Amino acid sequence: MCASVKYNIRGPALIPRMKTKHRIYYITLFSIVLLGLIATGMFQFWPHSIESSSDWSVQKRSIRDVPVVRLPADSPVPERGDLSCRMHTCFDVYRCGFNPKNKIKVYIYSLKKYVDDVGVPVSSTISQEYNELLTAVADSDYYTEDIARACLFIPSIDLLNQNALRVKETAQALAQLSRWDRGTNHLLFNMLPGGPPDYNTALDVPRDRALLAGGGFSTWTYRQGYDVSIPVYSPLSAEVDLPEKGPGPRRYFLLSSQMALHPEYREELAALQARHGEAVLVLDKCTNLSEGIPAARKRCHKHQVFDYPQVLQEATFCVVLRGARLGQAVLSDVLRAGCIPVIIADSYILPFSEVLDWKRASVAVPEEKMSDVYSILQSIPQRQIEEMQRQARWFWEAYFQSIKAIALATLQIINDRIYPYAAISYEDWNDPPSVKWGSVSNPLFLPLIPPQSQGFTAIVLTYDRVESLFRVITEVSKVPSLSKLLVVWNNQNKNPPDDSLWPKIRVPLKVVRTAENKLSNRFFPYDEIETEAVLAIDDDIIMLTSDELQFGYEVWREFPDRLVGYPGRLHLWDHEMSKWKYESEWTNEVSMVLTGAAFYHKYFNYLYTYKMPGDIKNWVDAHMNCEDIAMNFLVANVTGKAVIKVTPRKKFKCPECTAIDGLSLDQTHMVERSECINKFASVFGTMPLKVVEHRADPVLYKDDFPEKLKSFPNIGSL
Amino acid sequence: MQSWRRKSLWLALLTSWLLVLLGLFPLFRLSVPTSPRAGAPQGWPHWLDAELLQSFAKPGELLEDGPRPPQVLRGGSCNWGACFDTSKCRGGGLKVFVYPAAGPVSETRRRILASVEGSRYHTLSAAEACLLLLLSPDTSTGECDPVPPQWDGGRNHLVLSLHPAPCPRTFQLGQAMVAEASPTVDTFRPGFDVALPLLPEAHPLRGGAPGQLRQHSPRPGVALLALAEDGGRWHVAGTDFSACPWDGRCEQDRGPKQTHPGATLPNATFCLIPGRGPDVLHFLQALQAGCIPVLLSPRWELPFSEVIDWTKAAIVADERLPLQVLTALQEMPLTRVLALRQQTQFLWDAYFSSVEKVIHTTLEIIQDRIFGPSAHPSLLWNSPPGAILALPTFSPSPSDFPFYHLQQGSRPLGRFSALIWGGAPGQPPLKLIQAVAGSQHCAQILVLWSSEKPPPTRWPKTAVPLTVIDGHRKVSDRFFPYSAISTDAILSLDAHSSLSTSEVDFAFVVWQSFPERMVGFLTWSHFWDEARGGWGYTAKRTNEFSMVLTSAAFYHRYYHTLFTHALPKALRTLADEAPTCVDVLMNFLVASVTKSPPIKVPYGMWHQEARPPPLEPGGPGLRQEPQPAAQNCINQMAAGFGHMPLVSSRFRLDPVLFKDPVSVLRKKYRSLEKP
């Protein structure tokens with residue numbers, strides 16, 4: 001733009017001999033063009049501040065303007081759905097291909113209006129919900145505009161309600177889609193299947209191999225592992241503002257709010273009400289409502305009028321009975337109210353039953369057992385009821401709340417089938433956020449004692465204290481279960497001593513040179529570590545006896561998921577300062593062990609190096625301190641378990657500092673360590689360390705027993 | 001001249017504008033991508049009149065869709081609600097009757113019969129039963145059974161066939177459920193039929209071989225993939241995956257071939273099992289070996305798929321994308337590999353390692369269907385110790401069990417109940433009651449009076465409530481789940497036990513860290529006696545131990561429920577006959593559930609010196625050397641469990657400052673240090 005301004009100045013100077021008239025003409029022309037250009041540029045550079053992006057960029061169109069497609073009467077009709085379809089027979093997985101993100105690509109056909117031979121529309125062009133659904137898909141990560149790269153195709157033909165379309169003609173419309181190919185990899189959404197008089201439980205539109213996401217499948221129409229069962233969306237979800245009501249006892253024990261019930265069922269319910277009185281409330285349509293009040297929002301019992309869906313919040317259990325269709329929109333309202341649905345619809349495939357554990361949020365009662373429903377429900381303990389209420393509400397929030405939630409859950413289910421190795425777990429689908437937050441899944445959960453023969457790998461981190469290092473190597477090599485010794489040489493300015501100078505030991509000794517002097521190098525998952533057990537040991541820990549180290553290894557074998565170490569430390573809450581404090585005095589409790597001498601599983605090296613939360617790793621390397629505290633946090637957080645301190649306290653030669661410069665240094669050290677604890681607790685968002693009052697000693701430690709007969713006699717000597 | 005000038009001027013202008021435009025154009029382009037769908041007609045449009053769109057259903061349509069009477073059952077199709085009559089199961093819960101076999105009985109059939117008869121659901125009367133079990137005919141006998149007498153169209157029947165039936169059925173299955181090995185997905189009725197694993201002929205009756213996994217993470221350098229071959233063999237694939245090694249199409253490129261003869265187990269991280277092959281035996285082999293099964297489009301239903309979440313232990317992938325599967329396996333995060341490996345072992349040990357476990361799991365699934373809302377939650381099925389050992393009747397909430405505190409983010413209750421088993425005439429154990437009541441964690445004291453003589457009328461006054469329960473005179477009664485026990489922790493005691501308050505306090509604090517284990521003071525250890533060719537155990541002080549005496553031990557009250565309701569009756573009777581056996585039995589039970597040793601805490605030697613060893617035959621003595629009769633009980637127990645569950649430990653948990661050279665005043669449990 002700068003350049004153009006220059007031209008603006010220089011322009012007239014180039015034509016000095018022009019007539020004034022011309023000159024003015026040119027100048028005006030120039031300025032107009034330039035102004036226009038600048039204006040365009042301005043628009044292009046700040047489109048967001050001027051108008052919202054969607055309005056600016058996405059073409060604004062009206063639904064009335066969509067192209068019309070005329071279907072000849074003899075155009076092909078797809079075959080009826082194939083009941084034997086499974087993913088590996090009817091789904092073309094090659095279209096999904098290799099995908100580093102493990103995400104399927106979904107294409108949406110553009111909207112068209114279909115009319116038959118004589119120009120009568122096949123169906124209403126699109127409903128509000130289906131428009132929302134397609135918008136949600138288009139806004140998601142699954143969406144692609146490139147039809148050639150898509151693995152799943154969604155027609156824009158609205159099939160949500162079978163009553164709103166003409167079956168044969170709609171099928172013809174499907175068949176002429178550009179990539180139809182017998183419906184392979186096409187996903188159809190339908191919430192209200194069937195029509196009078198026999199109400200099929202799946203969409204009647206012939207659809208060949210297409211996948212059906214249907215609301216109201218029965219065991220006979222549902223193709224396990226192929227179709228997806230979805231909820232029937234309740235428009236009340238968006239219309240009505242219903243504040244959440246926590247779990248707990250409610251006024252009515254059992255409530256029925258459905259209006260269209262078969263007389264037989266209604267009789268059954270009336271009998272229940274007669275037997276149990278106030279606890280059961282059976283509502284019906286209001287007959288004498290004044291004009292203007294939407295009947296959908298009112299329910300009546302005799303002359304009493306109740307607001308719907310608010311009344312659902314007054315009940316612990318709500319009946320969801322089969323109507324002509326198996327899928328009922330009332331299920332969504334009931335879940336939202338935190339009322340536990342009592343599903344009385346034999347053979348109904350509950351929404352998303354492939355992944356959702358409905359036992360946790362609902363009670364299914366066989367139709368035959370309807371008269372027993374009260375006693376069945378009464379046998380459920382109050383604690384379980386509250387759990388189920390919470391679960392019901394969570395299901396609504398996560399999977400029923402909006403059309404978007406329904407669409408995305410459907411796509412996720414299909415995605416998980418195609419990329420099973422990256423699938424979402426049962427817990428992710430079913431556990432409410434509060435449970436997920438509090439629960440720990442130990443990565444080494446199997447109770448297993450690794451064989452002693454495997455031994456352990458000792459890792460010594462060293463900088464340049466060669467003499468002390470050699471002593472440590474000699475001492476550690478006396479431990480019977482040592483299988484390999486790894487020296488991590490952290491000094492880039494100095495070469496490790498010559499091979500001939502190293503102590504001769506009975507196990508392989510490897511030296512690893514590092515690229516940078518970082519404390520994290522101690523916890524790197526080196527390929528050289530072949531055993532599961534790792535002993536991290538500093539190059540100045542020479543006071544541990546062979547018995548003590550061997551015993552530590554034995555204890556680790558019984559606790560392979562924990563840090564098993566020698567010097568123990570404690571974290572304390574400082575009430576005055578309102579923060580955590582590090583404690584190394586003689587305390588009755590332990591919450592950390594120093595990794596200057598500790599056994600642990602090598603998997604934690606992997607976690608430390610690749611999965612440490614936040615910036616902790618860099619923080620440790622920058623401060624050259626607290627790598628051990630970080631490791632304690634990490635292990636406690638991932639396993640939910642405390643450390644094990646082994647053997648009595650020893651006089652460690654200043655285990656945490658490199659020089660003893662008296663009290664002042666010691667104090668700055670403690671302050672720094674306390675800071676680490678506070679920093680890590682804030683990164684983890686919680687204090688994962690567990691405090692315990694025990695340590696592990698050999699069974700016969702200090703017992704009145706001949707020392708010779710003890711397995712580990714040399715323990716605790718100073 | 002002028003025209004030339006003008007022309008050149010226009011030209012200069014034009015070029016300059018062109019330059020300007022060219023310079024600006026890329027800038028426009030740069031500015032555009034900030035909005036994702038700018039200018040593109042693709043994507044789903046935001047319709048101008050979206051607000052005016054109709055809802056998919058007319059206002060009344062969702063509310064009333066034409067009521068319909070209850071449906072009549074369609075022929076051939078059955079589901080649980082329609083075809084099983086649960087009213088017969090009310091009261092006694094699941095009661096199972098097995099049709100007696102006519103004619104000679106094969107070994108497999110004998111095993112199945114034995115395991116049903118050994119289960120807690122078995123009944124001898126067909127009238128009382130709510131489930132009638134029909135074993136499908138064997139291969140060896142070759143005869144097909146006639147329609148059984150109580151058939152009734154197959155209602156409430158379970159037709160069990162561990163092996164594919166050799167002859168066509170002579171009668172219609174009707175409403176009977178089918179439990180068969182590896183049913184095809186097309187005929188399997190989810191929620192009604194039960195999918196069983198295909199067991200090898202020589203599968204053990206009970207106990208069974210333990211899982212092969214010895215370490216959590218795969219050994220470095222172990223093969224990534226083993227491929228199932230015909231005849232129960234495995235082909236360990238090399239690291240070169242340039243082509244599809246299992247396809248047969250690339251036969252020439254097979255890498256180092258290590259065919260294992262016979263039914264050896266694969267040694268690899270993943271085990272690839274083709275879904276088409278009839279040889280599904282491979283699946284169980286992989287599970288046992290801790291080799292993660294990778295199933296390629298299996299046409300058969302995975303065993304117990306109704307309750308077992310196989311996504312936690314196996315990978316079901318599409319056979320049409322071999323290279324993609326391979327890449328996914330190679331790139332799978334270590335954390336997930338670890339989780340899958342461990343889960344295979346847990347599932348093998350909990351549900352598959354013996355015929356008895358398979359049968360009990362099947363019955364447990366049926367029982368869960370009957371229970372409805374009070375069935376096992378998924379967590380109980382899919383995490384250790386598994387649903388056979390976690391009884392849903394104990395509590396609906398997993399956090400009441402000792403096993404799920406981590407997953408639930410909960411903790412055991414912070415108090416304990418002392419349960420004193422006594423019956424000796426004379427004075428109540430004053431000192432013991434005072435020591436226990438002195439503990440800050442004690443919630444109540446229960447005295448289980450088990451003598452013919454009435455209990456003393458006067459009991460010492462204590463800070464906590466003391467209740468006397470009139471027990472029966474059987475030793476196994478001390479492990480009955482009394483409703484009076486209100487806490488998670490139980491401190492089990494004998495009238496002649498001797499403990500100090502600090503010992504109790506410290507042991508309880510330790511138990512809170514290990515709520516699933518037993519925490520005790522006195523220990524025994526078991527050993528293999530070469531001379532006698534059997535197990536033995538000793539009370540001698542040794543460097544390791546595997547049992548703690550229940551005359552002074554903390555454990556979770558759930559073990560009372562398990563002891564009374566899950567143990568075979570024969571084992572409990574055995575314990576009643578030889579009272580010292582009861583300790584062995586309890587330790588066996590807890591060890592078989594936790595697969596871990598108990599925990600020992602310090603116990604002052606002065607207790608023993610203070611009182612002579614009790615001579616009473618009824619109570620398990622402290623430090624008594626087990627009598628020869630009792631020595632034999634460990635072998636009977638081992639036979640009853642089918643294996644030796646006990647695990648040895650080599651450490652004791654002491655207070656952090658125990659006997660450290662520091663002022664006694666600093667120590668919390670200083671009285672533990674008395675010599």
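Letters A, B, ... mirror the listed sequences (proteins, then strands); counts begin at 1. In this text the structure is predicted, and so the values were computed from the model without any measurement.
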Within the structure provided, determine whether [X] and [Y] are in side-chain contact (heavy-atom separation under 4.5 Å).
X      : Y      : result
B/L406 : A/V440 : yes
A/E558 : B/P597 : yes
A/H694 : B/F658 : no
B/V656 : A/E589 : no
A/L448 : B/R214 : no
B/Q324 : A/Y419 : yes
A/Y426 : B/T311 : no
A/K710 : B/T542 : no

Test item: [X] side-chain N/O and [Y] main-chain N/O as donor-acceptor pair under 3.5 Å:
X      : Y      : value
B/R320 : A/Y94  : no
A/R86  : B/R299 : no
B/N543 : A/L709 : yes
A/N161 : B/F56  : yes

**Q.** Donor + acceptor pair across side chains of A/D139, B/W44 (<3.5 Å)
**A.** no
NZ/NE/NH1/NH2 to OD/OE distance under 4.0 Å, [X] and [Y]:
X      : Y      : answer
A/E427 : B/K312 : yes
B/R650 : A/D697 : no
B/D660 : A/R695 : yes

Would you mind checking which part of [X] comes under 4.5 Å of any heavy atom in chain A, side chain (CB onward), backbone (N, CA, C, O), both or neither?
X      : value
B/V647 : side chain
B/Q54  : backbone
B/P377 : neither

**Q.** Option from B/L657, B/D505, B/V509 for which side-chain contact (heavy atoms from CB on, under 4.5 Å) with A/E693 holds
**A.** B/V509
Q | Best-contacting candidate, A/H601, A/K611, A/M388, against chain B by heavy atom pairs under 4.5 angstrom | A | A/H601
Q) Out of A/V590, A/I376, A/L111, A/V646, which one racks up the most heavy-atom pairs below 4.5 Å with chain B? A) A/L111
Atom group of [X] that falls short of 4.5 Å from chain B, counting heavy atoms:
X      : result
A/I529 : backbone
A/K602 : side chain
A/I380 : side chain
A/R383 : side chain
A/V232 : side chain
A/R417 : neither
A/N131 : both
A/A423 : neither
A/Q224 : side chain
A/Y610 : neither
A/K702 : both
A/T219 : side chain

Q: Evaluate the criterion side-chain contact (heavy atoms from CB on, under 4.5 Å) for residue pair A/Y421 and B/L329; output intermediate values, then yes/no.
A: CA-CA 8 Å; A/Y421 28 79; B/L329 297 185; 5.6 Å; no
Q: Any chance you could lay out the side-chain hydrogen bond (donor to acceptor under 3.5 Å, both in side chains) test for A/E129 and B/S55, step after step, and finish with the verdict?
A: CA-CA 6 Å; A/E129 283 81 6; B/S55 174; 2.9 Å; yes
(Q) Using every non-hydrogen atom in the two residues, find where B/P661 and A/W586 come nearest and quote the distance to one decimal. (A) O-CH2, 4.3 Å
Report all side-chain donor-acceptor pairs from residues 339-346 of chain B shorter than 3.5 Å, counting only partners two or more places apart or in another chain.
unit_1	atom_1	unit_2	atom_2	d
B/R341	NE	B/H216	O	2.9
B/R341	NH2	B/Q215	O	2.9
B/R341	NH2	B/S217	O	3.4
B/Q342	OE1	A/F445	N	2.7
B/Q342	OE1	A/L446	N	2.8
B/Q342	NE2	A/P443	O	2.6
B/Q342	NE2	B/L338	O	3.2
B/Q343	NE2	B/N382	O	3.0
B/T344	OG1	B/R341	O	2.5
B/Q345	OE1	B/Q212	N	3.1
B/Q345	OE1	B/L213	N	3.0
B/Q345	NE2	B/L287	O	2.9
B/Q345	NE2	B/Q288	O	3.0

